[in-house]
Amino acid sequence: MFCTSVIEISKSALQQNFSFIREMLGTETVFSSVVKGNAYGHGIEEFVPLALECGQRHFCVFSSEEARRVREITGDEATTVIMGMISPDELEWAVQNNVEFYVFDMARLEGAVRASGKTGQKAVIHIEMETGMNRTGFSEKDLPQVIEFLKKHNEKLTFRGLCTHYAGAESIANYFRVTHQIKTFRKLKNRFRKKQLEPEICHTACSAAAIRFPSTRMDLARIGIMQYGYWPNTETYISHLTRGMKDNPLKRIITWKSRIMSIKEVKTGEFIGYGTAYLASKNMRIAIVPVGYSHGFSRSLSNQGRVLCHGERTSVLGSVSMNSFTMDITDIPAARVGDEVVIIGNQGDLSLSVASFSEMSNQLNYELLTRLPENIPRKIIE
Ligand SMILES: *Cc1c(COP(=O)(O)O)cnc(C)c1O
C-alpha cells in the first residue's frame, strides 16, 4: 500500500516518559495507562504491546470495543478498565473476561449483577461519583440506594474502585471548581465508609491533576497524554518547571513524517491556496506536502501550523486542503521534491516545541492526535 505519510513510535522515548511518570507517582500509586481514542491516535495495536514490553500492566479505555482490542493483546497479563460506553450485551463479555468497568447509573449496576449471575463470576466495578464535572457519575442523592444495592449483592460484585474525574485540572482558571471536587470526593468516600463499605482503591487523577494537585493521586492515577510525551497544556508544564525542574522530561513518542511532493515559485502579491487566506508579500518558494485534513492534519492549522524540513522550522501557508498543505521553503534553498517533512516530532537537533501539533491552544494536542487516521502505517523504532 502506498501512503503519503508514516508514523514512527519510539520505544526509548516511551520508556523515558514511563520513568518520569512512575517516579512522580512513587510506589504507592499504580500508574494506569489511558489508551482511549486509539491510544490517543498512536494505535492501540502498536502502543499496547510496546507498553507491555516496558512493564505497564494496567490500562484504561473508553469503550468495550477498545477493551476487546486491548485484551486481545494483553490476555490476562494486564488489567483493563472501561471508563465509558459498554453496550448492554457486552457486559457479560466484560465480566467473563475480568474486564473491570465504571458504573455510573443504576441500570449498569443492575446489569453488572445480571451479568455476574449469568457467568457465575463476580463483576469487578468502579463506582464513579459526580463531584462537579457534570458528565457521568452518581450524585450524592443516589448514595443510599447505591450503598444498599452494593451490600445486597456483594457476592456478585467486587467493589474495586471509587473514582471521579476533574473538570479541567490543567487550568488555574478552574482552581476553585477542582479543589471543590477534591473535597466533595473525600466527603462521599467517607459516606461509604460510615456504612462499612470500602472500595479497594480510590482514583481520581488524570495527567494534569497528578501534576498540579498531588493529593489527587491516591491509589491509582489514570495517565493519558503525558505518556505520549505531551503536557496537558503549557500551564501544567510551567507548574512542573516552577518546582525546580530544568529539562522537559517528556519526549514525544511519535514522529509523523511525509515528503515534499511538488515545489514552485510564487510572486509578490499572489495568493497561495484556496481563497485569500495567504497573500505572498515577497517572492516565495513553496512546497506541497501530500497530507491534508482527511489525514488528520486539521484545517485549524491553516496559516498556523509549523513543520520541519532540512532541520529548519517553517510555516504552513494558507488553508489546509483535503489531501495536502503548503509550506514555506523560501529560506530552505536546499529543499527538493522527495525530501523529508516532519509534522510531529524531531528532525536533527530540532524538535517542534511550538509544533503544528502544539501548545498553540489548549486541548489541541488531544484533538489532533486522536484524529490521526488508523490507516497511516505505524512503525516501532528504538
Ligand atoms: C481521558 C481521561 C483520563 C486521562 O486524561 P489525560 O489528561 O490524558 O491524562 C483520565 N480519566 C478519565 C476519566 C478520562 O476520560
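Being a predicted model, the structure only gives us computed values, none of them experimental.
Of all the heavy atoms in Glu90 and Glu65, the pair that sits closest is OE1-N, 4.4 Å. Nearest heavy-atom pair across Leu250 and Gly229 is CB-O, 3.8 Å. Taking all atoms of both residues into account, the shortest heavy-atom contact from Tyr274 to Ser319 is CB-OG, 3.8 Å. Between Ile332 and Glu312 the shortest heavy-atom distance is CD1-CB, 3.9 Å. The minimum heavy-atom distance linking Ser207 with Gly224 is given by the pair OG-N, 3.6 Å. Across Thr179 and Phe176, no two heavy atoms sit closer than the pair OG1-O, 3.2 Å.
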If you apply the rule side-chain contact (heavy atoms from CB on, under 4.5 Å), what do you find for Trp231 with Glu170, and how did you get there? CA-CA 9 Å; Trp231 296 93; Glu170 69 282 355; over 6 Å; no
Test ring pair (Phe, Tyr, Trp, His ring centres under 6.0 Å) on His240 and Phe20 and set out the steps. CA-CA 12 Å; His240 167 77; Phe20 167 71; 5.3 Å; yes
Derivation of the side-chain contact (heavy atoms from CB on, under 4.5 Å) call for Ile172 and Arg212: CA-CA 9 Å; Ile172 196 76; Arg212 305 197 65 157; 3.7 Å; yes
Evaluate Trp93 against Asn97 for side-chain contact (heavy atoms from CB on, under 4.5 Å), listing each step before the verdict. CA-CA 6 Å; Trp93 169 83; Asn97 289 278; 3.0 Å; yes
May I have the step-by-step check of side-chain contact (heavy atoms from CB on, under 4.5 Å) for Leu91 and Arg114, ending in yes or no? CA-CA 9 Å; Leu91 269 181; Arg114 267 198 308 278; over 6 Å; no
I'd like to know whether Phe159 forms a ring pair (Phe, Tyr, Trp, His ring centres under 6.0 Å) with Phe192, so could you lay out the CA-CA distance, the side-chain angles of the two residues, the decisive distance to 0.1 Å, and finally the verdict. CA-CA 11 Å; Phe159 186 12; Phe192 277 94; 5.5 Å; yes
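Interatomic distance, OG1 of Thr164 versus CZ of Phe138, reported as 12.5 Å (0.5 Å rounding). How far CD1 of Ile9 is from NZ of Lys379: 11.5 Å, rounded to the nearest 0.5 Å. The structure places CD1 of Ile272 at 5.0 Å from CG of Leu317, a figure rounded to the nearest 0.5 Å. If you take CG on Asp328 and CD1 on Ile286, they are separated by 8.5 Å, rounding to the nearest 0.5 Å. Within the model, atoms NZ of Lys122 and OG1 of Thr158 stand 4.0 Å from one another, a figure rounded to the nearest 0.5 Å. Asn233 contributes atom CG, which lies 10.5 Å from atom CD1 of Ile225 (distance to the nearest 0.5 angstrom).
Looking at Glu92, its side chain never comes within 3.5 Å of a backbone N or O of Ala115 through a donor-acceptor pair. Using a distance-only test at 3.5 Å, with no hydrogens or angles considered, a donor-acceptor pair links the side chain of Glu130 to the main chain of Gly132. In this structure, the side chain of Arg378 engages the main chain of Ile376 through a donor-acceptor pair within 3.5 Å. A donor-acceptor contact shorter than 3.5 Å links the side chain of Gln16 to the backbone of Pro249. When atom types are taken as modelled, the side chain of Ser321 and the backbone of Gly292 share no donor-acceptor pair closer than 3.5 angstrom. Remark: side-chain polar atoms of Arg313 are not paired, donor with acceptor, to backbone N or O of Arg306 under 3.5 angstrom. With Ser302 contributing its side chain and Val320 its backbone, the two residues share a donor-acceptor pair below 3.5 Å. Thr4 places a side-chain N or O within 3.5 Å of a backbone atom of Pro290 that can act as its donor or acceptor partner. The closest donor-acceptor contact from the side chain of Thr216 to the backbone of Thr204 lies at 3.5 Å or more, if one exists at all. The closest donor-acceptor contact from the side chain of Glu66 to the backbone of Ser63 lies under 3.5 Å.
Checked against Glu340 for a side chain to side chain donor-acceptor pair (under 3.5 Å), the options His310, Gln347, Arg259 give a single hit: Gln347.
Look at Arg71 and Asp76 and you find a salt bridge, because one of the NZ, NE, NH1 or NH2 atoms lies within 4.0 Å of a carboxylate O, short of that distance. Ion pairing of Arg217 with Glu28 is absent here, as no side-chain N (NZ or NE/NH1/NH2) approaches a carboxylate O to less than 4.0 Å.
Annotation: side chain of Met327 is in contact with side chain of Cys309 (closest heavy-atom distance under 4.5 Å). The shortest distance between side-chain heavy atoms of Glu140 and Leu188 falls below 4.5 Å. Using a 4.5 Å heavy-atom threshold, the side chains of Tyr102 and Ile86 count as separate. Side-chain contact between Pro232 and Met226 is present, with at least one heavy-atom pair separated by less than 4.5 Å. Phe325 places a side-chain heavy atom less than 4.5 Å from the side chain of Val307.
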Listed pairs under 3.5 Å, donor-acceptor, residues 31-50 side chains, sequence neighbours left out:
residue: Ser32; atom: OG; partner: His58; partner atom: ND1; Å: 2.8
residue: Ser33; atom: OG; partner: Gln227; partner atom: OE1; Å: 2.6
residue: Ser33; atom: OG; partner: Gln227; partner atom: NE2; Å: 3.4
residue: Asn38; atom: OD1; partner: Ile44; partner atom: N; Å: 3.0
residue: Asn38; atom: OD1; partner: Arg69; partner atom: NH2; Å: 2.7
residue: His42; atom: ND1; partner: Ala39; partner atom: O; Å: 2.9
residue: His42; atom: ND1; partner: Tyr40; partner atom: O; Å: 3.1
residue: Glu45; atom: OE1; partner: Arg69; partner atom: NH2; Å: 2.8
residue: Glu45; atom: OE2; partner: Arg69; partner atom: NE; Å: 3.0

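Under the side-chain contact (heavy atoms from CB on, under 4.5 Å) criterion, Lys282 pairs with Met284, Thr330, sequence neighbours left out. For Lys183, the salt bridge (charged side-chain N to carboxylate O under 4.0 Å, His left out) test picks out no residue, with sequence neighbours left out.
Following chains of ILVMFWY side-chain contacts shorter than 4.5 Å, one cannot reach Ile201 starting from Met218, and the two form parts of different hydrophobic clusters.
No side-chain N or O of Thr255 forms a donor-acceptor pair with one of Asn346 less than 3.5 Å apart.
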